[in-house]
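We count ligands from 1, going down the list as the structure has it; atoms in each ligand are counted the same way. Along the sequence shown, residues carry numbers from 1.
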Amino acid sequence: MICTQYLKHCYGPSKGMKLTSHFSCCFHLFCFSILRDNMGSRVSKASTSPSEMDPVQLPRGYEVLEVLGEGYFGKVLKCWKKDIKQTVAVKIPKCFENDTVNEVSMLRRFKHLKLHQHNIVEFMDCFQTRYGKAIVLEVLDITLGDYLGKTSFAPMLVSDIRSIIQQMGTAFEALKGIGVIHADLHLHNIMIENHQTQPFRVKLIDFGVAMSRSEASQGKLLQPMAFRSPEILLGCPFSEAIDMWSLGCLMFIMICGKLPFSGRSEYEILRSIIDLLGQPEDLVLSTGLQTKKYFNWTESSSWELKTSFEYFRCHLSTVKDHKLQSLDDLKKMRLEENNGSEAAERDQCIELLKAMLKTGEDERITPREVLTHLFITKDYPNNGAEKSETSHRKMMRPKAAVLSKRRPACPTTAPPSTLHTSHIPPAGVILVQPATAENILLLEGQGSEVSGRSYIDKTSGCSAFTSPFSSEDSTPSPTFLPSGVVILVRPATAQRSMLGDQESAVSFQSGLYEASVSLVTDVESGMESSICEASGSCENTGAENEPGKKKNFLRRVFSWMRKTFRPCVPSVDGPA
Ligand SMILES: Nc1ncnc2c1ncn2[C@@H]1O[C@H](COP(=O)(O)OP(=O)(O)OP(=O)(O)O)[C@@H](O)[C@H]1O
């Protein structure tokens, strides 16, 4: 089921995201569609009309400035708090049922323990409204989901992933220390403090369903479905370890821009978990209140997952976001051309991921162990200099310096013969110029009116991308790869072309290609237009008036992408 609210959030006029062109709207629809199911619905900075901004009378001391976001339970407004002369975020319950008593008492406790120093949002105050207590918090910038959206879910650099995981490890270690389970971790409950000046300084928000360990009674339905741990899916006893599972799911998205487990139902999520990680131990399954719903007890005295026919009474096509056969396949990724230690770093990164995504909660890594894991603590040659700086200083480094350090030598899609040999990636590896915060900064100034070509030119500082359309073509050049993602493609040989034509053989590394193919499929099946209808997100583009033109345009664009970004399929080891 497509989450309409999530889509609204994705396509609403949020800060720094100008979706004025029809193409960029559809491109983003496609990019976000990979994360569409049950990832936590959001509306960010959805509206600033005064009637919507002020759903309740705020006390006199507050002046409403804008809407910062909206979740299932609350609307968050940016306000000027006159007595302290500071902007604050005010979370207002939407209706009577959305009682904030639990959240307020949790946040009071956190304030007392100064947990804002442990990457948890700072609670400032609260006041009574018509629907319950409004919560006054420090203002944060954008959610991790919004950030990834700005980069079209491009894989992140390992060093940036490390920074976020280390901070979340700190937050969850603090919560575990006081026996609190967050129970609602998703892409929009991690917020970046300031994505322009401190792109990877993050805080954990939303304690609406947080609970103490003693309240963790078996059978509770918690966590967004795509991030739901096996113990919650199965109705087993659970603990703080459920948050580590969700953090593992987020880490997977940061690593490769895809959902680890996808599906439209709990059964499908469970099946997706089993496909990638194997079945939980029988000992775990035997404790689940829901186990019999999903599994059969066989004659050989073991649990066996029901077939989709047994479960749904019909056959079901699998919905998968990736083609990995094991998490180890992620070790083959490379993003940084000049980072000699990337392989070693990525190995450790994936080892940590595997430790977070253990199906048995007893085996799963604890926050403290995350903080002492080699991926977090080891001095890798390439980031030795960075490690000696505090993360704050690292993030405050002047933009130009960061750019020159991070950006690999000018990537290009020029004919292979003109490529310097040192720029040619090893067989089967696609180098993706990661969407760094700096790229996004550059992009933000440009908006979607800029043509695809100049967009990329300005971003990467080199001619990396050539529009498929001649300058005479009245169709605006597409703003693909808006995040500055550049793909280095090996020359298409006859053999590779054959492989490339078999979509099922497309390797993981060609995920971006694969994604574009899936959009073509989506568009062709009319799914994209139904997403627009469901979300109402295309209203402003005027695109709904010209469905045929829109469809043709997208077909042309993606057939060009298909031909141009011929995937590099590893000859032997790429996951099918
Ligand atoms: N301190 C803050 N500063 C800026 N924006 C915020 C802040 N807190 C929340 N937001 C924005 O408001 C959105 C909703 O906030 P929050 O997650 O607390 O609401 P919720 O209704 O409890 O959500 P959920 O549906 O996950 O239960 C966030 O995703 C974010 O975009």
Side-chain angles (χ1 to χ4, degrees), residues 3-6 8-10 12-17 35 38-48 52-53 55 62 64-81 86-104 106-107 110-111 115-116 119-126 129 131-150 171 182-196 198 201-211 221-228 243 246 250:
C3 177
T4 314
Q5 265 197 318
Y6 184 75
K8 269 194 196 153
H9 147 70
C10 292
S14 81
K15 190 167 129 190
M17 206 195 260
L35 294 164
N38 303 287
M39 293 186 61
S41 45
R42 283 292 166 285
V43 178
S44 283
K45 297 177 172 115
S47 163
T48 47
E52 283 182 66
M53 281 200 303
Y62 292 85
V64 180
L65 302 175
E66 64 173 301
V67 176
L68 287 171
E70 189 172 344
Y72 188 75
F73 296 104
K75 190 161 208 162
V76 180
L77 307 176
K78 186 177 190 176
C79 296
W80 179 249
K81 196 167 182 317
Q86 210 178 308
T87 47
V88 291
V90 180
K91 179 172 173 179
I92 296 167
K94 284 190 192 166
C95 55
F96 286 117
E97 303 90 74
N98 299 343
D99 175 351
T100 48
V101 174
N102 178 56
E103 190 165 9
V104 170
M106 280 284 170
L107 288 168
F110 298 167
K111 188 179 176 71
L115 292 199
H116 62 273
N119 300 91
I120 287 173
V121 67
E122 184 173 8
F123 170 70
M124 299 170 81
D125 203 352
C126 64
T129 69
Y131 298 133
K133 282 220 155 62
I135 302 171
V136 184
L137 303 160
E138 69 173 307
V139 185
L140 298 168
D141 187 4
I142 57 169
T143 68
L144 182 60
D146 285 338
Y147 176 81
L148 289 171
K150 280 167 181 281
H182 183 282
D184 191 22
L185 185 62
H186 54 75
L187 284 174
H188 295 285
N189 281 342
I190 295 180
M191 287 203 75
I192 294 172
E193 281 187 31
N194 184 334
H195 84 285
Q196 301 197 340
Q198 301 180 309
R201 211 173 151 82
V202 290
K203 286 209 168 182
L204 182 63
I205 65 158
D206 190 5
F207 295 86
V209 294
M211 66 185 75
L221 190 61
L222 301 164
Q223 306 181 293
M225 199 163 73
F227 300 149
R228 197 168 291 162
D243 291 329
S246 304
L250 287 180

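- Between Asp206 and ligand 1, at least one pair of N/O atoms sits closer than 3.5 Å.
- Checking side-chain atoms of Asn102 against main-chain N and O of Met211 turns up no donor-acceptor pair under 3.5 Å.
- Interface atoms of ligand 1 facing His186, defined by a heavy-atom separation under 4.0 Å, are 26 (O).
- Under the rule for a side-chain contact (heavy atoms from CB on, under 4.5 Å), the partners of Glu193 that lie at least two apart in sequence or sit in another chain are Leu140, Gln198, Arg201, Lys203.
- The closest donor-acceptor contact from the side chain of Lys78 to the backbone of Leu65 lies at 3.5 Å or more, if one exists at all.
- With hydrogens and angles left out, the side-chain atoms of Asp243 and His182 include no donor and acceptor closer than 3.5 Å.
- Annotation: Tyr72 places an N or O atom under 3.5 Å from an N or O atom of ligand 1; distance criterion only.
- Residues meeting the side-chain contact (heavy atoms from CB on, under 4.5 Å) test with Val202, sequence neighbours left out: Ile164, Gln167, Met168, Ile190, Ile192.
- At under 3.5 Å, not a single nitrogen or oxygen of Thr143, backbone or side chain, sits near a nitrogen or oxygen of ligand 1.
- With hydrogens and angles ignored, the 3.5 Å screen pairs no side-chain donor or acceptor of Lys94 with any backbone N or O of Tyr131.
- Residues Ile205 and Leu137 form no side-chain contact, since every pair of their non-hydrogen atoms from C-beta on lies 4.5 Å or further apart.
- At under 3.5 Å, a nitrogen or oxygen of Leu140, whether backbone or side chain, sits near a nitrogen or oxygen of ligand 1.
- Between the side chain of Ser246 and the backbone N or O of Phe227 there is at least one donor-acceptor pair closer than 3.5 Å.
- For Asp141 (side chain) and His195 (main-chain N/O), a donor-acceptor pair under 3.5 Å exists by modelled atom type.
- Residue nearest to atom 20 (P) of ligand 1, selected from Lys91, Met124, Lys203: Lys91 (by heavy-atom distance).
- Within the 4.0 Å heavy-atom criterion, neither part of Asp141 lies near ligand 1.
- Between Glu103 and ligand 1, no pair of N/O atoms sits closer than 3.5 Å.
- The distance criterion of under 3.5 Å between nitrogen or oxygen atoms is met by Phe73 with respect to ligand 1.
- Contact annotation for Met191 and ligand 1: only side-chain heavy atoms (C-beta onward) come within less than 4.0 Å of the ligand.
- Within the listing of ligand 1, atoms 1 (N), 2 (C), 3 (N) sit less than 4.0 angstrom from a heavy atom of Ala89.
- For a threshold of 3.5 Å applied to N or O pairs, the pair formed by Gly74 and ligand 1 contains at least one separation below that value.
- Of the heavy atoms in Asp184, only side-chain atoms (C-beta onward) come closer than 4.0 Å to ligand 1.
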